[in-house]
Amino acid sequence: MKIALTSDNIAGASDSVLEAMMAASKGDAMPYGNDETTAEVTKMLSELFECDLDVFLVSTGTAANVLSVSAMTPPWGSVLCHTESHLMNDESTAPEFYTGGARFVGIEGADAKMNPVLLKKVVSQKVGDVHSCQPSAVSLSQVTEVGSVYSLDEIRALTDVAKSAGLPVHMDGARFANALVALGCSPAEMTWKAGVDIVSFGATKNGTMASEAIVVFNKALSKELGFRRKRGGHLHSKMRLLSSQMVAYLTDDLWRKNATHANAMMALLQEGLKSVPGVVINTPAQANMLFCTLPAGMAEHLQAEGFAFYGGRWEEGVVRLVTSFRTPAEGIDAFVASARRFADSV
């Protein structure tokens with residue numbers, strides 16, 4: 001069985017999500033989020049996160065991220081994030097556009113995790129100096145861009161630095177469910193209890209068609225977010241079609257089941273690749289994404305056999321492999337077997 005490991009974005013939507021959208025499209029409902037289904041989403045997320053919160057649904061992860069940080073920083077401010085973060089490298093110029101020109105400053109750290117010591121140094125530099133960009137917000141990616149996961153202690157170390165400097169904290173949770181399953185904690189423990197003010201609660205990579213939630217714990221940011229969402233063109237008139245996806249995603253723990261399967265498939269893949277001569281695991285995968293270095297010729301061999309994945313964007317031989325809630329175990333076994341055949345032939 002040939003499989004594609006290019007991204008979890010290649011998987012379609014879960015059946016129950018599509019069914020919920022079809023049901024929600026029947027009849028009439030108030031527009032712009034003034035419908036019962038959207039209210040139900042807020043209720044469900046409040047129960048999931050164990051707190052009172054505000055929810056702003058959008059249809060893309062980019063919108064969730066950039067709208068979140070735009071409510072945290074003025075145009076003359078800076079958003080501090082890892083140098084390899086999605087905000088720094090994969091959102092085009094949407095962050096600058098939505099913030100009105102705020103600067104995004106990269107903080108180094110192993111495994112694509114910000115180093116709190118380096119962060120502390122940056123948040124205190126030239127504060128109040130009219131000639132300098134002012135540190136205004138911190139954003140961390142969970143899962144990170146290399147497949148690692150911040151522990152609860154690591155999150156708290158960063159938020160402690162941010163709070164000591166009076167800065168709000170955003171979490172890019174495009175793979176929120178995968179990280180949560182990896183840590184075995186509660187959504188509350190990974191977010192507001194650890195000092196996070198807003199999380200981009202990703203769902204599209206894990207089973208919805210196009211529905212992401214900006215979950216706001218620091219409700220002082222909510223009013224501005226409402227206006228910014230409208231100004232940015234992301235206040236959907238038929239919001240119930242986004243909301244119905246999120247309700248289905250949260251019902252019967254679908255979000256957790258999908259992420260558990262994706263993570264399990266990555267664990268199976270990683271364990272198999274460890275036994276293939278010449279394959280080097282770079283940052284060990286904790287969730288559903290892995291970077292590894294393949295010996296010369298192996299990537300071409302795998303692609304010729306019909307397997308797909310990303311490569312060529314990084315240094316020679318490095319490829320990215322991502323599993324999804326639809327990745328079959330048989331496909332993983334076939335991928336590893338093909339890699340092993342190549343290694344045995346050279």
Side-chain angles (χ1 to χ4, degrees), residues 45 49-56 61 63-74 77-88 91 95 98-99 102-109 111-125 127 133-145 148-176 179-180 183 185-202 212-225 228:
L45 286 171
F49 284 96
E50 306 172 57
C51 69
D52 183 33
L53 47 74
D54 287 328
V55 178
F56 298 86
N65 283 337
V66 298
L67 285 170
S68 294
V69 296
S70 74
M72 293 179 159
T73 182
S78 63
V79 179
L80 312 177
C81 50
H82 195 275
T83 52
E84 296 181 61
S85 69
H86 210 73
L87 277 173
M88 284 284 288
E91 301 286 24
Y98 275 84
T99 60
R103 182 174 296 168
F104 286 73
V105 176
I107 307 295
E108 296 287 347
D111 298 332
K113 300 177 184 179
M114 280 184 285
N115 183 318
V117 175
L118 297 178
L119 178 64
K120 187 174 183 178
K121 180 179 179 181
V122 174
V123 298
S124 60
Q125 286 181 340
V127 173
C133 188
Q134 295 296 290
S136 300
V138 173
S139 178
L140 62 97
S141 301
Q142 182 76 320
V143 176
T144 74
E145 290 304 298
S148 59
V149 174
Y150 283 97
S151 70
L152 297 184
D153 287 342
E154 288 173 328
I155 296 172
R156 174 58 73 180
L158 295 176
T159 60
D160 282 349
V161 171
K163 300 306 180 182
S164 68
L167 307 185
V169 178
H170 164 253
M171 175 181 284
D172 174 356
R175 295 183 174 91
F176 183 93
L180 194 79
L183 291 180
C185 64
S186 72
E189 289 171 327
M190 200 171 80
T191 54
W192 63 270
K193 287 186 176 181
V196 174
D197 294 284
I198 297 180
V199 62
S200 299
F201 182 75
E212 309 274 311
I214 301 172
V215 180
V216 184
F217 307 112
N218 180 356
K219 298 180 75 171
L221 300 167
S222 295
K223 182 177 180 179
E224 183 168 340
L225 256 170
R228 284 186 175 275

For D111, what residues pass the salt bridge (Lys or Arg N to Asp or Glu O under 4.0 Å) criterion, not counting sequence neighbours? none
Applying side-chain contact (heavy atoms from CB on, under 4.5 Å), can you list everything that pairs with P187, at least two apart in sequence or on another chain? L48, F49, F176, L180, W255
Who passes salt bridge (Lys or Arg N to Asp or Glu O under 4.0 Å) against D153, sequence neighbours left out? none
Among residues at least two apart in sequence or on other chains, which ones pass side-chain contact (heavy atoms from CB on, under 4.5 Å) with K121? Q125
State, yes or no, whether a side-chain contact exists between M88 and H82 at a heavy-atom distance under 4.5 Å. no
Under a 4.5 Å cut-off applied to non-hydrogen side-chain atoms, are L152 and C185 in contact? yes
So, does Y98 use its side chain to make a donor-acceptor pair with the main chain of N65 at under 3.5 Å? no
Checking P95, C133, S136 against R103 for side-chain contact (heavy atoms from CB on, under 4.5 Å), the one that qualifies is C133
Student check: side-chain heavy atoms of S68 and F56 closer than 4.5 Å: no
How would you list, by chain and number, every residue that makes a side chain to side chain donor-acceptor pair (under 3.5 Å) with S78, sequence neighbours excluded? none
Here's a test for you: under side-chain contact (heavy atoms from CB on, under 4.5 Å), which of V215, V138, V196 qualifies with M171? V196
Pair D197 + K163, salt bridge at N-O below 4.0 Å: yes
Could you check whether any side-chain N or O of T144 sits under 3.5 Å from a backbone N or O of S148, counting only pairs where one atom can act as donor and the other as acceptor? yes
Taking side chain as C-beta onward, heavy atoms only, is L140 less than 4.5 Å from E154? no
Would you confirm whether R156, through its side chain, and S151, through its main-chain N or O, come within 3.5 Å as a donor-acceptor pair? no
With sequence neighbours left out, what residues match E224 under salt bridge (Lys or Arg N to Asp or Glu O under 4.0 Å)? R228
Answer whether the closest heavy-atom distance between the side chains of I198 and L225 falls below 4.5 Å. yes
